[in-house]
Amino acid sequence: MRFVDEATIYVEAGKGGDGCLSFRREKYIPKGGPDGGDGGDGGSVFLQADEGVNTLVDYRYTRKYKAGNGQPGRGGNCTGAGGDDIYLKVPVGTTVVDTDLNEVVGDLTEVGQVLKVAQGGFHGLGNTRYKSSVNQAPRQTKPGQPGESRNLRLELKVLADVGLLGLPNAGKSTLIRSISSAKPKVADYPFTTLVPNLGVVRVQQHRSFVVADIPGLIEGAAEGAGLGIRFLKHLVRTRLLLHIVDVVPPDEVDPAESVKKIAAELEKFSPTLADRERWLVLNKMDMLLEDEQEEVRSHILSSLDWDGPVYSISALAGEGTDRLCQDIMRWMDERAEMEREDPDLAEAEKQIRDKMDEEARERIQFLQEQRRQARKKAKEEGRDDDDDDGDIEVVFAPY
């Protein structure tokens, strides 16, 4: 998965201080003895997730970071000072990849989480360490070890506040184009959107939220139909779901039935996600006559027994989208304020997200195992049934 907001840095831990070669020379102590102290440990490099940081732009300009070296030991059995550690603050959601080994070092997903990315060198040993009954005047010392060094790539996984879901051609991509600077492909055929698109919706100055558009779902997606649920996992970290409904579908299927099908797929994928706050957005209302609009709206709401928020919009014409965005921003602010005032509510939100992650992981692993078994069976039967999902490209479009 490729993310636009990323940076490559070089980190180097400090070298351990060398051990000291020294002998006591004091009055009234004729034979003296070894008194060389050990060196100090080298400093290490840490990454720390900080909620006050939301971009990696600083690491685009400063790319090299080095921790302090340990000081050498001294006579009188004095140990050298340890090198200073350095802590690099990164946004929550940063993935750390070792570019030389092409492996993930760690993932910083919680505020305050600390990850050691380069271990400081171990201190050297002074000659006092080698004193024994058969070696009373050792001249042996051990130098400090060099610290680790790594080339790292920092990848910021942008977390969306609002997720769009619905059938193919419901108008999700048109909506995100209308309210943000994201420019996903729009066409009059199903599955136009093949990868997730993220856009920042600016409501007022310094007030905005991130919206995610994923490929459309169809009935059977939880079993792999269409593009399956490979992209549905991007919604588990959203706070609000917008269910986009085409009120004039080309196949003349009842819009209420379409809503029920998507809700069923959500329930199969993650029951906790299905219980997430979800608003109904009736799109393409401008294609109906004025006297038909209320009739269609009432039919959909009564068929679904819907008692949640509902909006009638035209994403293409931009009708009703301003009110929708304003209400989303207001809802987001209210939720954030409630969590600040009530720590228990914030903890409950964290537990809900953890539960959604767990359910999504289990479902995806189940489907992956099914695909592996299918490929194994196809190979045994001499058929070429290789399922290559390929890489997912997420495009982040700022306002």
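Numbers here are sequence positions counted from 1.
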Would you say that more than 12 heavy atoms from the other residues, nucleotides or ligands in this model lie under 6.0 Å from the CD of E292, or not? yes

Closest non-hydrogen atom pair between I244 and G171, with its separation: CG2-C, 4.4 Å

Pair listing, side chain to side chain donor-acceptor pair (under 3.5 Å) test, anchored in residues 109-118, at least two apart: K116-Q119

Tell me whether M287 shares a hydrophobic cluster with L280, the cluster being built from Ile, Leu, Val, Met, Phe, Trp, Tyr side chains joined at under 4.5 Å. yes

Would you say V259 and L273 are hydrophobically clustered, going by side-chain heavy atoms of ILVMFWY under 4.5 Å? no

Check for a donor-acceptor pair, side chain of T79 on one end and backbone N or O of G37 on the other, with a separation under 3.5 Å. no

Taking the side chain from D85 and the backbone from S44, do they hold a donor-acceptor pair closer than 3.5 Å? yes

Are more than 12 heavy atoms, taken from residues, nucleotides or ligands other than D291, located less than 6.0 Å from that residue's CG atom? yes

Might you point out which heavy atoms bring G318 and S178 nearest each other, and give the distance in Å? CA-OG, 4.1 Å

Is any side-chain heavy atom of L115 less than 4.5 Å from a side-chain heavy atom of V96? yes

A side-chain contact here means heavy atoms from C-beta on lying under 4.5 Å apart; do L242 and I328 qualify? yes

Straight-line distance of D100 CG to N151 CG, nearest 0.5 Å: 4.5 Å

Quick one, R239 and M332 - any side-chain contact, counting heavy atoms below 4.5 Å? yes

Using side-chain heavy atoms (C-beta onward) and a distance below 4.5 Å, is V203 in contact with R330? no

Contact between I313 and L175 at the side-chain level, heavy atoms closer than 4.5 Å - yes or no? yes

Look at atom CD of E337 and say whether more than 12 heavy atoms of other residues, nucleotides or ligands are closer to it than 6.0 Å. yes

Write down the atom of V253, the atom of S258, and the distance for their closest heavy-atom approach. CG1-OG, 3.9 Å

Heavy-atom side-chain proximity of E277 to W331 below 4.5 angstrom: yes

Tell me, which pairs form a ring pair (Phe, Tyr, Trp, His ring centres under 6.0 Å) where one or both residues lie in residues 296-315, sequence neighbours left out? W279-Y311

For A315, does its backbone N or O pair with a side-chain atom of N283 as donor and acceptor, under 3.5 Å? yes

Shortest non-hydrogen contact from G166 toward I262: C-CD1, 4.2 Å

Report yes if the side chains of T238 and V162 come closer than 4.5 Å at any heavy-atom pair, otherwise no. no

Between R63 and E12, does any side-chain N to carboxylate O distance fall below 4.0 Å? no

Decide, yes or no, whether a salt bridge links D98 with R150 under the criterion of side-chain N to carboxylate O below 4.0 Å. yes

Within a radius of less than 6.0 Å around CG of L316, do more than 12 heavy atoms belonging to other residues, nucleotides or ligands occur? no

Can you measure from CZ (F23) to CD (Q136) and round to the nearest 0.5 angstrom? 11.5 Å

Got a salt bridge between K377 and E380, using NZ or NE/NH1/NH2 to carboxylate O under 4.0 Å? no

Assess whether atom CG of D307 is packed by more than 12 heavy atoms of other residues, nucleotides or ligands within 6.0 Å. no

E349 side, atom CD; D342 side, atom CG - distance, nearest 0.5 Å: 12.0 Å

Between Q293 and V247, does the side-chain contact (heavy atoms from CB on, under 4.5 Å) criterion hold? Intermediate values first, please. CA-CA 9 Å; Q293 293 181 5; V247 296; over 6 Å; no

Distance, nearest 0.5 Å, that separates CZ of R278 from CG of L266: 6.0 Å

Between V310 and R297, is any pair of side-chain heavy atoms under 4.5 Å apart? yes

Quick check on K131: does its NZ atom have over 12 non-hydrogen neighbours (other residues, nucleotides or ligands) under 6.0 Å away? no

Just how far is it from atom CG of D327 to atom CG of L240, taken to the nearest 0.5 Å? 10.5 Å

Tell me the closest heavy-atom pair linking F209 and C325, and the distance in Å. CE2-O, 3.8 Å

Output yes when a side-chain donor or acceptor of S314 lies under 3.5 Å from a complementary backbone atom of M285, and no otherwise. no

N127 (side chain) donor-acceptor with S22 (main chain) under 3.5 angstrom: yes

Any donor-acceptor pair under 3.5 Å from D161 side chain to V210 backbone: yes

So, D41 side chain and G82 main chain: donor-acceptor pair closer than 3.5 Å or not? no

Hey, quick one: are L108 and I9 part of the same hydrophobic cluster, counting side-chain heavy atoms closer than 4.5 Å, chains of contacts allowed? yes

In terms of hydrophobic clustering (I, L, V, M, F, W, Y; side-chain heavy atoms under 4.5 Å; direct or indirect links), are V97 and L154 co-clustered? no

Where do A256 and S303 come nearest, in terms of heavy atoms and distance? CB-CB, 3.7 Å

Keeping D18 on the side-chain end and G144 on the backbone end, is there a donor-acceptor pair under 3.5 Å? yes

Answer yes or no: is there a donor N or O on one side and an acceptor on the other, between the side chain of T99 and the main chain of R153, under 3.5 Å? no

Between atom CD of E295 and atom CD1 of I300, what is the distance when rounded to the nearest 0.5 Å? 11.0 Å

List the steps and the verdict of side-chain contact (heavy atoms from CB on, under 4.5 Å) for L125 and H123. CA-CA 7 Å; L125 303 179; H123 60 265; 3.9 Å; yes

Using the rule that two of Ile, Leu, Val, Met, Phe, Trp, Tyr join whenever any of their side-chain heavy atoms come within less than 4.5 Å, decide whether V296 and V248 are in one cluster. yes

Do other residues, nucleotides or ligands put more than 12 heavy atoms under 6.0 Å from K89 NZ? no

What verdict does the side-chain contact (heavy atoms from CB on, under 4.5 Å) test give for V117 and L88, after you've listed the backbone C-alpha separation in whole Å, the side-chain angles of each residue and the deciding distance to 0.1 Å? CA-CA 10 Å; V117 293; L88 307 178; over 6 Å; no

